[in-house]
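See structure below.
Residue numbers start from 1 in every chain, and the chains themselves are labelled A, B, ... in the order their sequence lines are given, proteins ahead of strands.
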Amino acid sequence: MTTLTLQRQPSTAWLGTLTRSREFSVFLALVILIAVTVAANPRFLSAQSIKDLLLNSSILVILAVGQAIVIVTKNVDLSVGSVLGLTAFATGKIFIALPDLPVIAMLVIGIALGAMLGAINGALIAVAKVPALVVTLGTLYIFRGVDFAWAQGQQISPSDLPADFLALGAGTLLGFPYLALIALAVVMAFGLYLKNLRSGREFYAIGSDVQAARLYGIRVGRKVFSAFAISGALAGLGGVIYAAKYGNLDATAGQGLELNVVAAAVVGGVAIAGGVGTVYGAALGAVLLTTITSALPVLGVSPFWQRAMIGVLILASIVLDRYLALRTERRLRGHDSHAG
Amino acid sequence: GTTNTSSTAGGGAASSSAAADPNAPIKEGLKVAFLPKQLNNSYFTVTDRGGKAAVDEYKGVFSEVGPSEASASSQVSYINTLTQQGSNVIATSANDPKAICSALDEARSAGAKVVTFDSDTDPSCRDLYINQATAEGIASTQIKLISDAIGPDGGDIAILSATANATNQNAWIELMKKELEKPEYAKLKLVATAYGDDNAQKSQQEVQALLQAHPTLKGIISPTTVGIAAAAQYLSGSEYKGKVQLTGLGFPSQLKEYLKNGTMKSFALWDVEKLGYLAAYAGAALASGQITGAEGQTFKAGTLGEFKVGPNSTVLLGEPTVFTAANVDQYNF
Amino acid sequence: MLVDTAPPAAETRRAPRFGFLRSWDTAIILALVASIIVASLTVSGFATSRNVGFLLIDVIPVLLLALPMTLIIITGEIDLSVASIAGFVSCVFGALWNAGMPMETIVPLCLVLGAVSGALNGFLVSVVGLPSLAVTIGTLALYRGLAFVVLGDQAVTSFPRAITTGLQAKIGTTGIPVWILPVILLVIIFGVALHFTGFGRSLFAIGYSVDAARFSGIGVARTKFWLFVISGTVAALVGVWWTLRYGSARGDNATGLELSVIAAVLLGGVSIFGGKGTLPGVIAGVGLLAILRNALQLASVPEDTLSMLTGGLLILAVVAPNAIAWVRSLSHKASTT
Amino acid sequence: MAEAQDATVRSTRRAEAADVPLLELRDIHKSFGAVHALRGASLSLYRGQVTALVGENGAGKSTLVKTLAGLHQQDRGQVLLDGEEVSFRDPLHAREAGIAVIYQEPTMFPDLTVAENIFMGRQPLRSLRRIDRKAMRQQALELFEQLGVKIDPDRAAQGLSIADQQVVEIAKAISLDARVLIMDEPTAALSGVEVDRLFAVTRTLQAQGAAVMFISHRFEEVFALADWITVMRDGAHVATAPASELTVDGVIRQMVGRDVASLFPKQETTIGPTALEVKGLSRKGVFSDISFTVRAGEIVGLSGLVGAGRSEVARAVFGIDKYDSGEVLVRDAPLKSLSPRASMAAGLAFVPEDRRKQGLVMELNVSRNLTLTLRRKLSRFGLLTNQAEAQATKEWAKKLQIKAGSPMSPISTLSGGNQQKVVLGKWLATGPRILIIDEPTRGIDVGTKSEVHRLISELAGTGLAVLMISSELPEILGMSDRVLVMHEGRITAERSRKDATEESVMTAATGVDPKTKETTA
Ligand SMILES: Nc1ncnc2c1ncn2[C@@H]1O[C@H](COP(=O)(O)OP(=O)(O)OP(=O)(O)O)[C@@H](O)[C@H]1O
Ligand SMILES: Nc1ncnc2c1ncn2[C@@H]1O[C@H](COP(=O)(O)OP(=O)(O)OP(=O)(O)O)[C@@H](O)[C@H]1O
Ligand SMILES: [Mg+2]
Ligand SMILES: [Mg+2]
């Protein structure tokens, strides 16, 4: 056994921790991707283009944060695309009925509606103790069915929506799009919550070992329920934002989005097996995926290759993740405990 | 083989080989089913609305069925169901020209008349195709609109299409390329074709990429309603508004904002509701024995008046309408 | 002899021969039978040979894909890439056909391609040790992308009519498609392998505890690898079938089919966490979804209701067994106090 | 500390203890379906005193602990805290009442840091209710110091050896400053040094007035620590008496209801040719240059402190883990490939140390577990039937006297000892020529232990080569023909049966001469 070195080098330790972290490698990948794209086409770094990137990724970032919390508890939420679609459509319908509703009120309604849908997932999973993948696959169909039944092919146009609501989708504050600021606020709030509050750490405990969490007295059911409610609420927020951003709405908004959201979290280092990962990572993963979609056409990659490239990138990122984990494991082995 | 035997057994139903009786009355109680590419697609919601209006006029039984995602295989299962239910008329827009053929054959052998609209199948597996506008007309209109919007100096243009597999999109793109070879469009240069998959976000990202990859881009043609709406929405909020021209095929209701705020000058579309209306009447005419689908036959389509079957068993609705800020408020679809 | 410490509970006394049929599987099989009876009596046009033909021929792709998917989910993994592999293979099929290659050469080549595609999944999951959910989300995008790379915006439809209609041949006047027979043979092979061989036993053990399986001498990585290879091969078979059945090779063939397959497998009582499930249950799950869809379509129930129903059934499939157990425990408590 | 002095301290304390127990369980009944696990269990814990709970495997000790912890709710009977009846809804509720529990199986969050594992839900806070990580780390370090171990509080719990996990469990329990400390076999994974430290800490807590309950199958520990001994049999209370009034034989008789034959029924056997030969096996950071042989009919004991790397060597030999260099020969032929499959084909069997994670598939029933290694053997024409499995199960359940509801009972409903027998059975049923057995009697009661020892001895008598890893020195000394000792990943000594003494083995295992240690202390 190697001798023990418990003393750390405080001065540079944080740097080592940072560069070793999963978030850092995603960030690095993002930087490299942008650098390569800019080298090929400098306009990729123009003010307009940066604004576009921020706007494009904001919805996925918000959803990925919710998904990260759910995945950390060793569950998964496949219904987010349908929740987003249903709230987006509801937003349009509500504005048609109440054209004078303040934008803030609409955001609150959207979040509440999403939270309610998420709570349905959460209740089924926590109370009936059934696997999340199955339940949310079921509600993916159900929520979308409700959306379809409600819409009956109806289309909502920008002219149906108040101008100040549409401004939320396109407007900026000090040069930053509102949507990006909302997304940033969501990421920071949940990032701090998960890292620094007891109640936030419990999500990790559950994902790491449910049985142990029960023995520690953590109310697992309630906690899992709240993870799904959060994910639903954020998808609801995403739905309202979607309505503001695109203006044209039908019942198909967000169809198939769930795989992107899960992919964003996974690329960002949130382990499917639970207990590992941060919302920062998930958010970076979302930005990376969106940037790839934006960068590939700019780089002149044939449209037919784009999807394949995204697949390759997802695979590359999880392989990298595995490599980093193995390295850590090896480090732990060299660094053992008992000096008995 | 089976076609002949079963159609004689079917009694009154006429087949292509039987003689047409232009004066036969439209039968009452015809079961007319509309099977669009996809339900909940605003385009088909409007066509089917037109179809229902027509079916109600001639006292038929209207139904609308279809998959929630555009795929040929699920259309097949719906065609099978309709066959089994004994539908008299199936009006469909094909997700794949070939894939639904054998199912349609089976439906026809069971006595149904098949009318395609918007997207045709192989001509051998339907009775009639209602063409919304000639593909040449659609292509030349869009090229003309973009050329007019950009102005005499011309420049680079790009196309934002739907999915890479969309049959009619691809046909129009080919014809647009041909159109661009004409001398009057010598200054227009098609530099790229992108696919937005009829998804708002993807379409916007493709537009952004087109603009970055081709800084000299002057215009974008998007011959798909989802793509053009997403592109207009993006351009209207970006620095390119008014500098990069946009045209294509879109709904007046979705795009009137952008005509008025100067994002775009014009776009085109046929009267979508009438397309469904005509398809429903054509189906009734077939099922009632007024026509068999042979070239030169005529039938009356309610308030739209008389139509004549053209070559290849095709009926033409008309030419696309061009919408501008001046006329857009007159349309409600 | 076991030293009995207590009288064995009633359910442990059940005849062991069909012990692998757990209560949910039995319930789903009964539900299948019931739905057939009810649909035959109430839905006009359901119980006809033509409709049986439609139903059976449409169920083939999901049924085929459900076989390897069942084994994979029982080992605690998942394969989301099957539909993409089918689409990829379909496009390669089309491209080779366009290039003038004979069918006899193309089909085996396509199966090999499917096996190789599955092997990539298998390698990443079992050798590199990555979670299959993440890996196959990646290859879902990759293989679908490659499908478009192969054929681009083109579709190949020049398949001989003789073959495309031949695939739909029926056995006499029964309406039963001829090609369902080899599929049934495959179902039997998979069923026996899962329930009556040591290989099957090892899958359940892996699904519950990879470590314990490894320490019992089971080649976990190797088993998983081959399961993904089999899954890829079957997906390729579906790709070939799809191309010929619809006479059209194109990039978006079979899109989204993976969710239907997984829904059917889960409805059939297979646990997503691995270790639990039976093939008869899965067949019943596949059949139940297909029959409900068909019968309700015939009864003119709209698509949105069908989709809600699918979702509802899925949830029921997982909630019901727990609810039953809960009720049982309540009544047990009531009887002991 | 001198023994005599210790005893007087204890008896005075007992005299002081009022007649009101701090925690009392009266006539507890608990059933799991048809299994009647507790049928009239009673127990009293007093302030400042240690009560040991002993009983055979499956007697219901752990079930009683879980009832106390609020994890199970009794069907009948009373729990009294300070003389007042309470009922614990859940573990949190019990913890709030001042009860700290170390469960038989470690409960860890593998992805979280060691410090967080200790303080989950009770992390020290700073402003805005944020977690104070520095304080948390500091407090964890202090706990480890008290326990005399060095574990980095910031490392992930993942990869901790079972012993370290147990240490973290103990740290967690003492950090609660509980009034009642319950320890369910805390020492099963520990070696002598750590056990001594644990006892020292326990005595401190005891001196501070905590009531301690302690479960162990090792009588020397029970008699060293306990003031009171409560014996359980078949879920019911049998007897409670001061430890000083009891003898080991007396307790055993009450536990099993009969006399137990010799604990180490070692048979003399004729040693045959070399069966297993390991040459220069090395794995970076884990073990290096391991060479030894095991011959047919021979039992080779592999001793050492926990963490010496013994299990790792065994795993590598059996083909579970890779190694960097070296060679494994079975009957002079190298193994075909590095995999458990190849090893099994060559006649190796391996009973791992962690029966719940490695030995058994906890969700499967007894029969499926027992026959998991026999998949090929029991197949006819490639087909495997339930009948064949049931037949094999019956045979081995009888041979090993496995107590279970039926062959179809889930293995998780068996007591620890019976589970261990199933693990043994599943490997013996393969008819091995070489048996590697890691902690064969961990968590097994005396009766079963003696049976297991007899079994191993008998098997060796039939020509089986046995490599036995054990942390129990008496077991090593009582059973082995030859003893190997490992220290920090190397083999530091080899002793024949007659040369192996407690002292000589410990010297090699600790790398320290005990006499030198005493003089420096
Ligand atoms: N969850 C459960 N379901 C069914 N039976 C159970 C359950 N938990 C324990 N049992 C049964 O209760 C009895 C007592 O088990 P328990 O674990 O309390 O024994 P123990 O005295 O701790 O044994 P050991 O010394 O082996 O740890 C055993 O027969 C066991 O099979
Ligand atoms: N899963 C693991 N990952 C990384 N290192 C490990 C793991 N398990 C154990 N180790 C390390 O391997 C070494 C030996 O472990 P272990 O304590 O199991 O040895 P041992 O001699 O078999 O002890 P015992 O059998 O008494 O528990 C230690 O340095 C330990 O930290
Ligand atoms: Mg116990
Ligand atoms: Mg060990």
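Between Phe44(B) and Phe34(B), a ring centre-to-centre spacing not shorter than 6.0 Å is recorded.
Options Asn253(C), Asp58(C), Asn294(C), Leu298(C) differ in how many heavy-atom pairs under 4.5 Å they form with chain B, and the most are formed by Leu298(C). When Ala99(B), Gly86(B), Ser71(B), Ala103(B) are compared by the number of non-hydrogen pairs under 4.5 Å with chain C, Ala99(B) comes out ahead. If you tally non-hydrogen atom pairs under 4.5 Å between each of Thr157(C), Leu151(C), Leu257(C) and chain B, the highest count goes to Thr157(C). In terms of heavy-atom pairs under 4.5 Å with chain B, the best-connected choice from Gly247(C), Gly45(C), Ser44(C) is Gly45(C).
Salt-bridge annotation for Asp56(B) and Lys52(B): present, with a side-chain N of the basic residue lying under 4.0 Å from a carboxylate O of the acidic one.
Glu106(B) touches chain C through backbone and side chain together, each having a heavy atom under 4.5 Å away. If you measure heavy-atom distances from Asp252(C) to chain B, the contacts under 4.5 Å come from both the backbone and the side chain. Heavy atoms of Leu55(C) lying under 4.5 Å from chain B are absent altogether. At a 4.5 Å heavy-atom cutoff, Thr255(C) makes no contact with chain B through either its backbone or its side chain. If you measure heavy-atom distances from Asn95(B) to chain C, the contacts under 4.5 Å come from the backbone alone. In this structure, chain C has heavy atoms under 4.5 Å from both the backbone and the side chain of Ser77(B). Heavy-atom distances place the side chain of Asn170(B), and not its backbone, under 4.5 Å from chain C. Only the side chain of Thr83(B) comes within less than 4.5 Å of a heavy atom of chain C; its backbone N, CA, C and O stay farther away. In this structure, no portion of Ala249(C) lies under 4.5 Å from any heavy atom of chain B. With a 4.5 Å cut-off on non-hydrogen atoms, Tyr78(B) touches chain C through its backbone and its side chain both. Within the 4.5 angstrom heavy-atom criterion, atoms from both the backbone and the side chain of Ser73(B) approach chain C.
The aromatic rings of Tyr143(C) and Phe88(C) lie parallel to each other, their planes meeting at an angle below 30°, with 60° marking the opposite boundary.
A donor atom on one side chain and an acceptor atom on the other are found under 3.5 Å apart for Gln168(C) and Ser102(B). A donor-acceptor contact under 3.5 angstrom links the side chains of Gln85(B) and Ser300(C), judged on distance only. A side-chain N or O of Tyr43(B) and one of Asp118(B) form a donor-acceptor pair less than 3.5 Å apart. Of the N and O atoms on the side chains of Asp198(B) and Thr224(B), at least one donor lies less than 3.5 Å from an acceptor on the other residue. Looking only at atom types and distance, the side chain of Thr136(C) has no donor-acceptor partner in the side chain of Ser81(C) under 3.5 Å away. When only modelled atom types and interatomic distance are considered, Asn131(B) and Thr314(B) share no side-chain donor-acceptor pair under 3.5 Å.
Using a 4.5 Å heavy-atom threshold, the side chains of Val115(B) and Asp127(B) count as separate.
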